[in-house]
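To start, the structure itself, in structure tokens.
Indexing begins at 1, ligand by ligand and atom by atom, following the structure's order.
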Amino acid sequence: MRDPGDVTAVDVLIVGAGFAGIGMGIQLARRSRESFVIIEQAGDVGGTWRDNRYPGVSCDIPSHLYSFSFRPNPGWSRVFAEGREIHDYLRTCVREEGLEEHLLLNCALSEAEWNGDDARWLVRTTRGDFSAASLVIATGRLAEPKIPPIKNLGGFGGRWWHSARWNAKVSLVGKRVGLAGTGASAIQILPRLAAEASEVVVFQRSAPYILPRGDREYSREEMERFAADPGTVTALRDELFAEAERGIGARQRRHPDIDLLRQRALDHLTTSVPDQGLRRQQTPDYEIGCKRILFSDDYYAALQLGHVRLEPSPLDRIADHCGNHTAVAASGNSYELDVLVLATGFNSTRPSIAGHIRGRQSRLLADEWSNGMAAHASTSVHGFPNMYVLDGPNAALGHNSAIYMIETQVGYALSALDHLAASGADALDVTAEAVRSYMRDIDTMAQDTVWVQGGCTSWYRDERTGRVTLLWPDSATSFRDRLATFVPASYEHLRRPGSPLC
Ligand code: NAP
């Protein structure tokens, strides 16, 4: 039993046990050089795949690509696995890679502060204090549900919840349900919702571009082949990667790539929605790729069911007075509802954990990021020595697998650990100029892309400054090339006061 006053010393402390934290943990466990702990505030691992339990949840990146390259899974049951199967995959990774002994569940970070005197992070958590030489932030960008400013939401007389906090205890059978949002989550939810509810209203702020999904189960023969010959899984993964990677041309507004992609989506709309009026409402008013392109073979069909209505304006308010069931759209149209589902996305650009991390001179990460998230190599923040942010600033993709990006960043963080060990320094602090220069490159890369020129708002950009702070605005391959070499000159090498110069 630990004394509450004890401080546990580790080489590396990882915050978060989603894909990024688990990926980092696996690599640390496999190389057996550093002691480490993974703290996770929830009672289970899995990150977004633990949290998102809505009906129909699945991944729109093929599973043989959306998984660790160093932990292929020949047993994926279908091209696009459901959320539960991905969650099981992550749990299996934790178990089979021996991460359980490093894992502390129900352990939330309260505060982390850099101490220059001993060149370590003091990390206070709900399960005790840690002293860590290095800190890895792997809290993800899809962790904090975003509730839009819907007036009088608290006065809603029915039940409401966010898509990532699904309330499975409430049956939707025969209910009048409102669904706010038309993003990746909403389009997966609607078909399942429509199968149970008596009436559904979809509140649409922007029409999405949707491409056919083409999901299917893998046959037993295919799975047997994958298991018997790992080379076939690698070959499939490479093929899926190359195919996804070709999508960058359209995002960079190259012709004919973008025209062909736009036409594919509009053809899918035309063949799926015969009614001209609905088709007009479903035609986006911005360039394809500006927001995430969605994949579905059943969303448009669900939208055309007799008991499903499209409200082509955002949900604005719940009519005044407590216990009211009337949801009012910005258009003024109102709907009587029993249940309201907010598939309205996540607070991604301003993560709340930044308000709990203090670097050199006790500077708060949230203050360092007051103009939006910024990091050198999408990973290192000036003034926060020996800290590596995975899946944070400029590390998301709009066209390929997030797992490839995570693996790239894990490799970079390991190179930094190796360099630190070899250098004799106690800590590495990326220089302000290295961050600024990286940000200039990001802005230049983003300048002519659909994300900046496409005429839309999206969570890829900081909502206050408009800068592309979430997304890596280029190919996945270029991200890997950029992070392949750890450049020591980008870092100030720090020593503890009084530590020997050698
Ligand atoms: P999202 O993409 O941010 O979509 C939120 C939706 O809510 C948008 O359509 C937004 O409209 C809408 N909205 C906001 N306020 C509204 C209001 N008052 N009334 C009506 N609509 C409103 O969130 P998400 O769908 O949860 O997806 C977030 C990210 O999670 C995705 O981009 C993706 O990276 C990931 N995801 C992936 C999968 C997958 O299959 N891989 C599945 C689900 C989620 P605007 O577009 O106008 O802002």
Q: State, without any angle test, whether Tyr54 and Gln188 hold a side-chain donor-acceptor pair at a distance under 3.5 Å.
A: yes
Q. Is there a donor in the side chain of Arg213 and an acceptor in the side chain of Ser58, or the other way round, less than 3.5 Å apart?
A. yes
Q) Just going by heavy-atom distances, which of Leu315, Leu294, Thr182 is nearest to atom 9 (O) of ligand 1? A) Thr182
Q. Which residue owns the protein heavy atom closest to atom 12 (C) of ligand 1, what's the atom, and how far is it?
A. Gly181 CA, 3.6 Å
Q) Do you see a donor-acceptor pair shorter than 3.5 Å between the side chains of Ser77 and Glu217? A) no
Donor-acceptor contacts, no H, no angles, side chain residues 154-165, under 3.5 Å, sequence neighbours left out:
residue : atom : partner : partner atom : Å
His162  : ND1  : Ala164  : N            : 3.0
His162  : NE2  : Gly345  : O            : 2.8
Arg165  : NH2  : Ala143  : O            : 3.4

Q. Just which atoms of ligand 1 are under 4.0 Å from any heavy atom in Gln188?
A. 40 (O), 42 (C)
Q.
I need the atoms of ligand 1 closer than 4.0 Å to a non-hydrogen atom of Cys59, numbered in the order shown.
A. 39 (C), 40 (O), 41 (N)
Q | Ring centre gap for Tyr300 and His268 strictly below 6.0 Å | A | yes
**Q.** Distance from atom 47 (O) of ligand 1 to nearest protein heavy atom, with residue and atom
**A.** Ser206 OG, 2.3 Å
(Q) Below 3.5 Å, N or O to N or O, backbone or side chain included: is there any such pair between Trp459 and ligand 1? (A) yes
Q.
What I want to check is whether the side chains of Asp44 and His87 have a donor and an acceptor closer together than 3.5 Å.
A. yes
Q: Run the numbers for me: atoms of ligand 1, each under 4.0 Å from some heavy atom of Pro314, listed by number.
A: 17 (C), 18 (N), 19 (N), 20 (C)
Q: Considering only NZ, NE, NH1 and NH2 on the basic side and carboxylate oxygens on the acidic side, decide whether Glu196 and Lys175 come within less than 4.0 Å.
A: no
Q.
Applying the side chain to side chain donor-acceptor pair (under 3.5 Å) criterion to Glu287, which one of Arg262, Arg253, Arg251 satisfies it?
A. Arg262
Q. Less than 3.5 Å between some nitrogen or oxygen of Gln204 and one of ligand 1, yes or no?
A. no
Q. Which residue supplies the protein heavy atom nearest to atom 20 (C) of ligand 1, what is that atom called, and how far is it?
A. Phe203 O, 3.3 Å
Q) For Ala184, is at least one N or O under 3.5 Å away from an N or O on ligand 1? A) yes
Q. In terms of residue, atom name and distance, what is the protein heavy atom nearest to atom 27 (O) of ligand 1?
A. Ser185 OG, 4.0 Å
Q) For Lys291 and ligand 1, does the shortest N/O to N/O distance drop below 3.5 Å? A) yes
Q: Decide, yes or no, whether a salt bridge links Glu199 with Arg309 under the criterion of side-chain N to carboxylate O below 4.0 Å.
A: no
Q) Quick one: does Lys146 get a heavy atom under 4.0 Å from ligand 1? A) no
Q: Check Leu142 against ligand 1 and report side chain, backbone, both or neither, counting heavy atoms closer than 4.0 Å.
A: side chain
Q.
Looking only at distances, can you tell me whether any N or O atom of Tyr54, backbone or side chain, sits closer than 3.5 Å to an N or O atom of ligand 1?
A. no
Q: Using a 4.0 Å heavy-atom cut-off, say whether Ser163 meets ligand 1 through its side chain, its backbone, both or neither.
A: neither
**Q.** Distance-only polar pair, side chains of Ser313 and Gln204, donor-acceptor under 3.5 Å
**A.** no
Q.
Just by distance, no angles: are the side chains of Tyr335 and Glu311 close enough, under 3.5 Å, to form a donor-acceptor pair?
A. yes
Q: Answer side chain, backbone, both or neither: which part of Ser458 comes under 4.0 Å from ligand 1, heavy atoms only.
A: neither
Q.
Among all protein heavy atoms in this structure, tell me which lies nearest to atom 40 (O) of ligand 1, with the distance rounded to 0.1 Å.
A. Asp60 N, 2.8 Å
Q: Output the list of atoms in ligand 1 that are nearer than 4.0 Å to some heavy atom of Arg292, sorted by atom number.
A: 31 (C), 32 (O), 33 (C), 34 (O), 41 (N)
Q. Among protein heavy atoms, which sits nearest to atom 4 (O) of ligand 1, and what does the distance come to when rounded to 0.1 Å?
A. Gly183 CA, 3.8 Å
(Q) With respect to Trp49, determine whether any N or O atom, backbone or side chain, lies less than 3.5 Å from an N or O atom of ligand 1. (A) no
Q. Between Tyr89 and Trp76, what is the ring plane arrangement, given parallel below 30°, perpendicular above 60°, and tilted in between?
A. tilted
Q: Look at atom 6 (C) of ligand 1 and say which protein heavy atom is nearest, naming residue and atom and giving the distance to 0.1 Å.
A: Ala343 O, 3.4 Å
Q: Pick one of side chain, backbone, both or neither for how Phe346 approaches ligand 1, counting any non-hydrogen atom pair under 4.0 Å.
A: side chain
Q: If you have a sec, work out which protein heavy atom is nearest atom 22 (C) of ligand 1 and how many Å separate them, to one decimal?
A: Thr344 CG2, 4.0 Å
Q) Can you check whether Thr457 has an N/O within less than 3.5 Å of an N/O in ligand 1? A) no
Q: May I ask you to check whether Ala180 has an N/O atom sitting below 3.5 Å from an N/O atom of ligand 1?
A: no
Q.
Among Phe80, Phe19, Phe241, exactly one meets ring-ring contact (aromatic ring centres under 6.0 Å, His included) together with Tyr66. Which residue is that?
A. Phe19
Q. Among side-chain atoms of Gln252 and Asp257, is any donor-acceptor pair under 3.5 angstrom?
A. no
Q) Just by distance, with hydrogens left out, do Thr469 and Trp369 show a side-chain donor and acceptor under 3.5 Å apart? A) no
